[in-house]
Amino acid sequence: KPDALSPQLLGEVGDYVLGKGMLDHSADFYQPLLDDFPKSQMIDYAYNGLGEIAYQKKDYPKALQLFNDGLEKIAAAQKLKEITVGRAKTLLALGKLDEAQKAFEQVASVREWRGESTAFAVYSLGEIAAKRNKWAEANAYYQRVYVGYQKFLPWVAKAYIGSGASFEKLGKNEEAVKTYQEMLRNDKLAGFAETGEARKRLAALGQG
């Protein structure tokens, strides 16, 4: 039971339950951590976890407040990367493109955070450029993902689709076809839904 757990266990069990997709149940651990142990070194877990729950429930204003509080009220340490990424993706969801771009650029620039969060940040910068109809800029970000971060397959798959769509928007259908075909040749991406999208786009471009 949550009321029998230490701050450390509240944070760790909350993360475990959240990782299983049980949003409301994970809040049963994060909320006591936030309410009863505000000075704990584990308080990062509460702000990040509750922010992620709000984000997944599409309560973006609440998510942004929690992520902001995690960065400003407590100067997050253990979960600094996760809270910073959470804030960035929430800003994007709210359509605050300028702020989201700065936040994702920060994530992408921190060498110690290199990995999946970097791939996500670069992909998201492509999404921001696409929302602004800056297709050449968007394409450059997407290509960075599938060239430079090949081990992070979910983002590679999304980036291929984004790149192909960018080429189409630029009227470069031949390059779009090559991009979709290159994606389909990658056996590691065969299980992703985006491969079906690539086939549909090829058919629409007369390459079925």
Enquirer: Using a strict 4.0 Å threshold on nitrogen-to-oxygen distance, state whether E112 and K81 make a salt bridge.
Expert: no

Enquirer: Just do the side-chain contact (heavy atoms from CB on, under 4.5 Å) check on F192 and V156 with the steps written out, would you?
Expert: CA-CA 10 Å; F192 289 91; V156 169; over 6 Å; no

Enquirer: Using every non-hydrogen atom in the two residues, find where K96 and L64 come nearest and quote the distance to one decimal.
Expert: CE-CD2, 4.4 Å

Enquirer: Would you please indicate yes or no on a ring centroid separation below 6.0 angstrom for Y60 and Y55?
Expert: yes

Enquirer: Salt bridge or not between R132 and D98? Use side-chain N to carboxylate O under 4.0 Å.
Expert: yes

Enquirer: Taking atom types as modelled, is there a side-chain donor on E175 or Y180 under 3.5 Å from an acceptor on the other?
Expert: no

Enquirer: Looking at T195 and L189, what are the two nearest heavy atoms and their distance?
Expert: CG2-O, 2.8 Å

Enquirer: Please check if any side-chain donor atom of N48 sits under 3.5 Å from a side-chain acceptor atom of E52, or the reverse.
Expert: no

Enquirer: Specify the closest pair of heavy atoms between A54 and L66, including all atoms of both residues, with the distance to one decimal.
Expert: CB-CD1, 4.5 Å

Enquirer: Any carboxylate oxygen within less than 4.0 angstrom of a Lys/Arg side-chain nitrogen, looking at D15 and K79?
Expert: yes

Enquirer: Look at atom CD of Q41 and say whether more than 12 heavy atoms of other residues, nucleotides or ligands are closer to it than 6.0 Å.
Expert: no

Enquirer: For this output row, return yes or no: ring centroids of Y123 and Y149 closer than 6.0 angstrom.
Expert: no

Enquirer: Assign the ring pair F29 / H25 to parallel, tilted or perpendicular, where the plane angle (0 to 90°) is split at 30° and 60°.
Expert: perpendicular

Enquirer: Under the ring pair (Phe, Tyr, Trp, His ring centres under 6.0 Å) criterion, do Y47 and Y30 qualify, and how do the steps go?
Expert: CA-CA 8 Å; Y47 282 106; Y30 293 129; over 10 Å; no

Enquirer: Run the side-chain contact (heavy atoms from CB on, under 4.5 Å) test on F167 and N139 for me, step by step, so that the C-alpha distance in whole Å, both residues' side-chain angles and the decisive distance to 0.1 Å come before the verdict.
Expert: CA-CA 7 Å; F167 276 129; N139 199 16; 3.2 Å; yes

Enquirer: Can you name the nearest heavy-atom pair linking L184 to A198, along with the distance?
Expert: CD2-CB, 4.1 Å

Enquirer: Compare all side-chain heavy atoms of L94 with those of E99 and state whether any distance is below 4.5 angstrom.
Expert: no

Enquirer: Looking at CG of D28 and CG of L23, how far apart are the two atoms once the value is rounded to the nearest 0.5 Å?
Expert: 11.5 Å

Enquirer: Under a 3.5 Å cutoff, is there a donor and acceptor pairing between the side chains of E127 and Y142?
Expert: yes

Enquirer: Can you tell me if D35 has over 12 outside heavy atoms packed within less than 6.0 Å of its CG?
Expert: yes

Enquirer: Any chance you could measure K20, atom NZ, to S26, atom OG, to the nearest 0.5 Å?
Expert: 13.5 Å

Enquirer: Just do the side-chain contact (heavy atoms from CB on, under 4.5 Å) check on K62 and L50 with the steps written out, would you?
Expert: CA-CA 9 Å; K62 181 179 180 181; L50 292 170; over 6 Å; no

Enquirer: Can E182 and Y160 be counted as having a side-chain donor-acceptor contact under 3.5 angstrom?
Expert: yes

Enquirer: Show the nearest heavy-atom pair for residues Y146 and S163, with the distance to one decimal.
Expert: OH-OG, 3.4 Å

Enquirer: To check you understand the geometry: which heavy-atom pair defines the closest contact between L153 and K188, and what is its length?
Expert: CD1-O, 3.8 Å

Enquirer: Nearest 0.5 Å, please: how far is CZ in F104 from CD1 in I128?
Expert: 6.0 Å

Enquirer: Can you confirm whether Q106 sits close enough to T84 that some side-chain heavy atom of one is under 4.5 Å from a side-chain heavy atom of the other?
Expert: yes

Enquirer: Hey, are R87 and E72 close enough for a salt bridge, meaning a charged N less than 4.0 Å from a carboxylate O?
Expert: no

Enquirer: Working to the nearest 0.5 Å, report the span between CD1 of I74 and CD of Q78.
Expert: 9.5 Å

Enquirer: Does Q8 form a side-chain contact (heavy atoms from CB on, under 4.5 Å) with Y45? I'd like the steps, not just the answer.
Expert: CA-CA 9 Å; Q8 180 172 354; Y45 284 69; over 6 Å; no

